[in-house]
Amino acid sequence: MSSSVRTSLYEACKSTQSNSTFSNSTLDDALSRQEQIFRCISESNADSIDTFFLIYASSLVFFMQAGFAMLCAGSVRKKNVTNTMLKNLLDACGAALGFYSVGYAFAYGGSEDAGKKTFIGMSNFFLQDVDNYMFWLFQFAFAATSATIVAGTLAERCQMKAYLCYSIALTGFVYPVVAHSIWSQQGFLSATAQDPLWGTGFIDFAGSTVVHLTGGFTALIATYLLGPRRGRFYDAKGKQLEVPNPMPGHSAALQMLGSFILWFGWYGFNVGSAITIIGPNQDKIISTSAVNTTLSAASSCFSALLANYVIVERQSGEGEFSLLAAMNGCLSGLVAITGGCAVIAPWAAIIVGLFAGLLYLFTSKVLVRVRIDDAVEAIPVHMTNGIWGSFAVGLFATPSELQLIYGKANHVGLFYSWHQGSGDGTLLGVQCLGILFVVGWVFCLMSPFFLFLNYKGWFRADVLNEIAGLDLSYHDGVDMELVTQIRNQRKNLHVNNRNRFSSNSACPHHTATHVDTSTDASL
C-alpha cells in the first residue's frame with residue numbers, strides 16, 4: 001500500500017469520526033495506531049510478495065541447469081552422454097557449497113556499508129548474519145550458471161577431478177570477485193555505489209559480463225590448454241586434417257529441448273534481476289526486461305539462420321537452413337540482451353539481437369580456423385556476446401530507463417548522447433573498462449589454475465579412455481551399439497587380413513597391411 005493511499009485512508013477515517021464523543025487527542029491517537037497497523041500490514045505483504053517473486057525467479061534460473069544438461073547431452077556423442085550429464089549436476093552441487101561457504105561473502109559481504117569501496121567482501125561467511133536467504137538463493141543460481149558454461153566446452157575429453165576443482169574455484173572465488181566489483185554497492189565498478197566510477201558506473205543489469213563473459217572466457221582458456229578432441233583437427237598420427245572433422249552431436253531433439261528450456265529460464269534470469277516487484281515503476285522495469293529478452297532472442301535467431309544460409313550457398317552453391325545455427329543464434333541474442341534488458345528500448349533490443357547472431361557465426365568460424373575445439377560452441381555464444389551485450393549498453397542505454405533504475409542519467413548511451421548534441425562517451429568508456437577488468441581477472445587466475453591441473457596430469461583424460469568414451473571409462477556405462485560397431489570392425493579387419501594373407505602367399509613380395517583408424521572419431 002502506497003503512502004498516498006494510507007494518507008487518504010487516514011483523512012477519510014478522521015473525518016468520519018470527527019463528530020464522535022471522543023476527544024480530539026483520543027481520536028488522533030486511535031487513527032495513528034490504525035495507520036501504523038496498515039503500514040505494518042503493507043510492509044509485511046510487500047516482503048512476502050518480493051520473497052515469492054525471488055523464489056519464482058530463482059526457480060527459473062536454476063531450471064536453466066536442465067537446459068544446459070539437455071543441450072550438452074545432445075551435442076556430444078553417445079559414448080559421453082552420462083559423463084556430460086553428471087558434470088552438469090556436479091556444477092550445481094559444487095556451486096551451492098562453494099557459494100554458501102565463501103562465495104557469497106566474497107561477492108556481497110559487507111554490502112550494507114555502501115560508502116566504502118572494497119575489492120572483495122570479507123563478511124557473512126557461511127551465511128553468518130545474513131537475513132535475506134532468498135537473495136542468496138537467487139545469486140547462487142547465477143553463480144552455478146557461470147560455472148555450467150564451461151561444461152560443454154570441455155566435453156568428451158576432460159577428467160572428472162579437474163572439473164570438480166574448476167567448478168568450486170570459479171564459484172567460490174573468481175566469479176564472486178567479479179560480482180562484488182560490479183553488483184555490490186561497495187564495488188569499484190558498481191553503478192549503485194554512492195560515488196560510482198566516472199559518475200555512472202558499469203551497467204550490467206542481469207549479467208552479460210558478470211555471468212556470461214566470466215564463464216565464456218574461462219571456457220576459452222580451458223579449451224585452448226586442454227586441446228581438441230581426438231580426430232577433430234588431427235588424424236591418429238598427429239597430422240593436421242585438411243578439412244576438420246565436424247563431430248556432430250547425437251541428438252538434435254535434446255539440443256532443441258535444451259535451447260527452449262534455456263529461453264524459458266532466461267525470463268527469470270533477466271526479469272528476476274529487478275530483485276523486487278514492489279515499488280513505483282517496477283512493473284515497467286520488469287515488463288521492459290521481458291519484452292527485450294524476447295525480441296533479442298528472436299532477431300538473433302533469424303540473423304544467424306539467414307547469414308549461415310547465405311554463407312553455405314556461396315560456398316557450395318546450395319543454401320542450408322541449419323538448426324544448430326538457429327538455436328545458438330537464439331541463445332546468443334539472450335546472452336547479448338542480458339546486460340541491458342532493462343535500460344534499452346525494444347527497437348534497440350532487435351538491433352542487439354541481429355548483431356549477436358552475426359557475431360556468433362563469425363566467432364564460431366574463427367575458432368575452427370585456429371583449431372580451438374568448442375564442443376557446444378559456448379565460447380561464441382557466451383564470451384563474444386557477453387562482450388557485445390555490455391558494449392551495446394554504452395550505445396543504446398536510454399536516459400529515461402537509467403533515471404528510473406539507477407536514479408541518474410547524466411551519462412547515457414552514445415547514440416542518445418549524439419542525439420542530444422553532446423557526444424558524451426563516458427558510459428561506453430566505463431563499459432569497455434569493465435570488460436577489460438573481467439578479462440584480465442579471469443586470465444590471471446584461471447590460466448595458472450588450468451596449467452597446474454595439466455602439469456599434475458589431472459586435466460585431460462587418457463587417450464584410450466577418450467577413444468572408448470568417458471561413460472565406459474568413468475561410469476562403467478557400456479553402449480551396446482558401440483560394442484557392436486567395434487566387433488564388426490574387428491571382424492572386417494580379420495577378414496581383410498585373411499584375404500591379404502592368401503594373396504601374399506601367391507605374391508610373397510606384397511606384405512603391406514592396412515589398418516583402418518578412421519572410425520575413432522565417429523565412435
Side-chain angles (χ1 to χ4, degrees), residues 69 72-73 75-91 93-94 147-148 150-170 218-241 244-250 367 371-376 378-379 446-490 493 515-523:
C72 291
S75 300
V76 300
R77 292 164 290 179
K78 284 186 177 180
K79 62 182 181 180
N80 296 301
V81 172
T82 300
N83 183 263
T84 300
M85 298 278 279
L86 179 58
K87 287 176 179 176
N88 277 269
L89 176 61
L90 294 180
D91 264 332
C93 298
T148 307
V150 188
T153 304
L154 307 181
E156 303 192 308
R157 60 203 190 277
C158 180
Q159 291 191 46
M160 186 64 69
K161 65 179 71 174
Y163 199 80
L164 290 172
C165 293
Y166 136 78
S167 180
I168 295 175
L170 184 67
T218 300
L220 176 62
I221 296 171
T223 193
Y224 176 78
L225 296 176
L226 185 64
R229 287 168 289 178
R230 178 181 174 84
R232 179 71 168 101
F233 299 114
Y234 303 92
D235 61 17
K237 297 181 179 180
K239 183 179 179 181
Q240 182 177 333
L241 300 174
N245 186 5
M247 289 190 176
H250 82 282
L367 291 178
R371 298 186 295 280
I372 293 179
D373 184 17
D374 184 353
V376 298
I379 296 171
M446 298 311 293
S447 294
F449 179 82
F450 287 120
L451 285 171
F452 174 77
L453 292 179
N454 193 47
Y455 171 76
K456 297 293 291 184
W458 297 344
F459 200 13
R460 180 152 191 151
D462 183 80
V463 173
L464 294 179
N465 291 339
E466 186 177 345
I467 295 174
L470 300 186
D471 288 359
L472 179 62
S473 304
Y474 289 102
H475 315 292
D476 197 24
V478 180
D479 186 347
M480 294 309 300
E481 182 179 346
L482 175 63
V483 172
T484 302
Q485 292 180 18
I486 295 176
R487 287 175 177 173
N488 291 336
Q489 180 186 3
R490 289 178 176 175
L493 181 63
V515 179
D516 182 11
T517 60
S518 62
T519 57
D520 282 353
S522 61
L523 293 179

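This one's a predicted model, so the numbers in the text were calculated from it and none came from an experiment. Numbering of residues begins at 1 and proceeds along the displayed sequence.
Tested against Tyr234 for a side-chain hydrogen bond (donor to acceptor under 3.5 Å, both in side chains), the candidates Arg371, Arg229, Gln240, Lys239 yield a single pass: Arg371.
At a threshold of 4.5 Å between non-hydrogen side-chain atoms, the residues Leu226 and Cys158 count as touching. Using a 4.5 Å cut-off on side-chain heavy atoms (C-beta onward), Arg230 and Val463 make contact. For the pair Leu89/Met85, no side-chain contact is recorded, criterion being any heavy-atom separation below 4.5 Å from C-beta on. A 4.5 Å side-chain heavy-atom check between Asp91 and Tyr163 finds at least one atom pair inside the cut-off.
Nearest heavy atom pair, residue Gly231 against residue Leu241, reads O-CD1, 3.7 Å. In this structure, Leu225 and Phe450 approach most closely via the heavy-atom pair CD1-CB, 3.7 Å. In terms of heavy atoms, Cys72 sits closest to Val376 at CA-CG1, 4.2 Å. Of all heavy-atom pairs spanning Asp471 and Asn83, the tightest one is OD1-N, 2.8 Å. For Ser167 against Ala147, the heavy-atom pair with the smallest separation is OG-CB, 4.2 Å. What you find for Ala378 and Thr153 is that their closest heavy atoms are CB-OG1, 3.3 Å.
The closest donor-acceptor contact from the side chain of Lys87 to the backbone of Thr148 lies at 3.5 Å or more, if one exists at all. For Asn80 (side chain) and Leu470 (main-chain N/O), a donor-acceptor pair under 3.5 Å exists by modelled atom type. Side-chain N or O atoms of Asp374 include one that pairs as donor or acceptor with a backbone N or O of Ile379 at under 3.5 Å. At distances below 3.5 Å, at least one donor-acceptor pair connects side-chain atoms of His250 with backbone N or O atoms of Ala73. Gln159 contributes a side-chain N or O that, together with a main-chain N or O of Gly457, makes up a donor-acceptor pair within less than 3.5 Å.
Counting heavy atoms of neighbouring residues, nucleotides and ligands inside a 6.0 Å radius, atom OH of Tyr224 does not exceed 12 of them.
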Report the C-alpha distance between Arg157 and Thr223 in whole Å, list the side-chain angles of each, state the deciding distance to 0.1 Å, and finish with yes or no for side-chain hydrogen bond (donor to acceptor under 3.5 Å, both in side chains). CA-CA 10 Å; Arg157 60 203 190 277; Thr223 193; 2.8 Å; yes

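One finds the CG atom of Asn465 at 8.0 Å from the CG atom of Leu472 (value rounded to the nearest 0.5 Å). Note that OG of Ser75 is 9.5 Å distant from CD of Glu156, once rounded to the nearest 0.5 Å. A distance of 9.0 Å separates CG of Leu220 from OG of Ser447, quoted to the nearest 0.5 Å. The distance from the CG atom of Leu170 to the SG atom of Cys165 is 13.0 Å, given to the nearest 0.5 Å.
A salt bridge links Glu466 with Arg460; the closest basic N to acidic carboxylate O contact falls under 4.0 Å.
The aromatic ring centres of Phe449 and Tyr166 sit 6.0 Å or more apart.
Classified by interplanar angle (parallel below 30°, tilted 30° to 60°, perpendicular above 60°), the ring pair Phe452/Trp458 is perpendicular.
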